[in-house]
J.: 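Dropping the structure in here first, questions after.
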Amino acid sequence: MRIDIITVLPQLLESPFSDSILKRAQTKGIVDVNFHNLRDYSTNKHKNIDDYQFGGGAGMVMMIEPISILIEKLKNERNYDEIIYMTPDGDTLNQGICNQLSSVKNIIVLCGHYKGVDERVREHYITKEISIGDYVLSGGELAAAVLCDSIIRLIPGVLNNETSALTDSFQDNLLAPPVYTRPAEFNGWEVPEVLTSGDFKKIEEWRHEKAIERTEKRRPDLLD
Ligand code: ADE
C-alpha cells in the first residue's frame, strides 16, 4: 500500500511513523508512506497556502491552487483508490472503515488547517471525508496519524501472530476481554483461575463471555 500525506507540518507526522509497528511496516516494504509539504506547491513568492475567506469572517482558508497542483501531479503518477480529507465534519472513523481502507492500494490523505480547505477541493478532488471524533484538533495531522496507524496494523504481514489484530476490540463488534500477566497473585489480588487452568476451550469460552459482558456494560450500542 502507498499512502501520500499532504500537510503543512510534515515534522508533526514524522515521529508517529518512525517507531514501532508503523516503522516496521515501512521497513518490511508493506507500506510506503510519503509526506508532501504543501508549501512546496505554493504559487506565490511568499509560499502562502492560505488566504482570507470570501464574504469576510475570522480564520484563513487553505487555497485550492497548491492542493490542486499536488493532487494532479500524484494522480498523473498512479491511480488512487481514495483521496481522503481529515475534517471534524467527516464520517466518524470506526473499525469497519479501517478494515475497508486496509485492503486498498493507494490513498492520498489531506490534512486540513485553519478554517479548512476551499470547498472546491472537497467537491472536485476528495472522495472520502473522515473525522476521528466529535472534537476539533488544531490540524488534520494527528488525525491522519491515527487513521494511518489504524489502517496499517490491519494489513496482512504487519502484525505477527502474537499481536494479531483479530483479537482487537471492535473486530467482531465486541470489546476485548480483560487480560492478565504474571504474577498470578499480587497483594492478594488473584488472576481468574480459569486462565491458569491450561484448559484452552474453557479459556476461550471465558474470554467470549467477558467480552460480551464488557460490551453490554460499556458499549451496548455495539450489540444492536
Ligand atoms: N481536524 C481537526 N479536527 C479533526 C477531527 N476531529 N478529525 C479529523 N480531522 C480533524
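Order of appearance sets the numbers: ligands from 1, and atoms from 1 within every ligand. Start at 1 with the first residue, then count along the sequence.
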J.: When you check the side-chain N and O atoms of Thr87 and Glu129, is any donor under 3.5 Å from an acceptor?
T.: no
J.: Under 3.5 Å, sequence neighbours excluded: what are the donor-acceptor pairs made by side chains of residues 49-70?
T.:
{"from": "Gln53", "atom 1": "NE2", "to": "Ala58", "atom 2": "O", "distance (Å)": "2.9"}
{"from": "Ser68", "atom 1": "OG", "to": "Tyr125", "atom 2": "OH", "distance (Å)": "2.8"}

J.: Please examine the side chains of Leu174 and His208, heavy atoms only from C-beta on, and report whether any two atoms are closer than 4.5 Å.
T.: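 Side chain of His208 against side chain of Leu174, heavy atoms only: contact under 4.5 Å found.
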J.: Which pairs of donor and acceptor atoms, one on a side chain in residues 210-220, lie under 3.5 Å apart (sequence neighbours left out)?
T.:
{"from": "Lys210", "atom 1": "NZ", "to": "Glu213", "atom 2": "OE1", "distance (Å)": "3.3"}
{"from": "Thr215", "atom 1": "OG1", "to": "Leu175", "atom 2": "N", "distance (Å)": "2.9"}
{"from": "Thr215", "atom 1": "OG1", "to": "Ala211", "atom 2": "O", "distance (Å)": "2.6"}
{"from": "Arg219", "atom 1": "NE", "to": "Asp221", "atom 2": "OD1", "distance (Å)": "3.0"}
{"from": "Arg219", "atom 1": "NH2", "to": "Asp221", "atom 2": "OD2", "distance (Å)": "2.9"}

J.: Classify the ring geometry of Trp206 against Tyr180: parallel below 30°, tilted from 30° to 60°, perpendicular beyond 60°.
T.: tilted
J.: Name every donor-acceptor pair, under 3.5 Å, that has one atom in a side chain of residues 99-107 and the other anywhere in the protein, sequence neighbours excluded.
T.:
{"from": "Asn99", "atom 1": "ND2", "to": "Gln95", "atom 2": "O", "distance (Å)": "3.4"}
{"from": "Asn99", "atom 1": "ND2", "to": "Gln171", "atom 2": "OE1", "distance (Å)": "3.0"}
{"from": "Ser102", "atom 1": "OG", "to": "Asn99", "atom 2": "O", "distance (Å)": "2.7"}
{"from": "Ser103", "atom 1": "OG", "to": "Gln100", "atom 2": "O", "distance (Å)": "3.0"}
{"from": "Asn106", "atom 1": "ND2", "to": "Asn79", "atom 2": "O", "distance (Å)": "2.9"}

J.: Could you pull out every N or O of ligand 1 that sits under 3.5 Å from a protein N or O, with the distance for each pair?
T.:
{"from": "ligand 1", "atom 1": "3 (N)", "to": "Leu137", "atom 2": "N", "distance (Å)": "3.0"}
{"from": "ligand 1", "atom 1": "6 (N)", "to": "Gly133", "atom 2": "O", "distance (Å)": "3.1"}
{"from": "ligand 1", "atom 1": "6 (N)", "to": "Tyr135", "atom 2": "O", "distance (Å)": "2.8"}
{"from": "ligand 1", "atom 1": "7 (N)", "to": "Ile132", "atom 2": "N", "distance (Å)": "3.0"}
{"from": "ligand 1", "atom 1": "9 (N)", "to": "Thr87", "atom 2": "N", "distance (Å)": "3.2"}

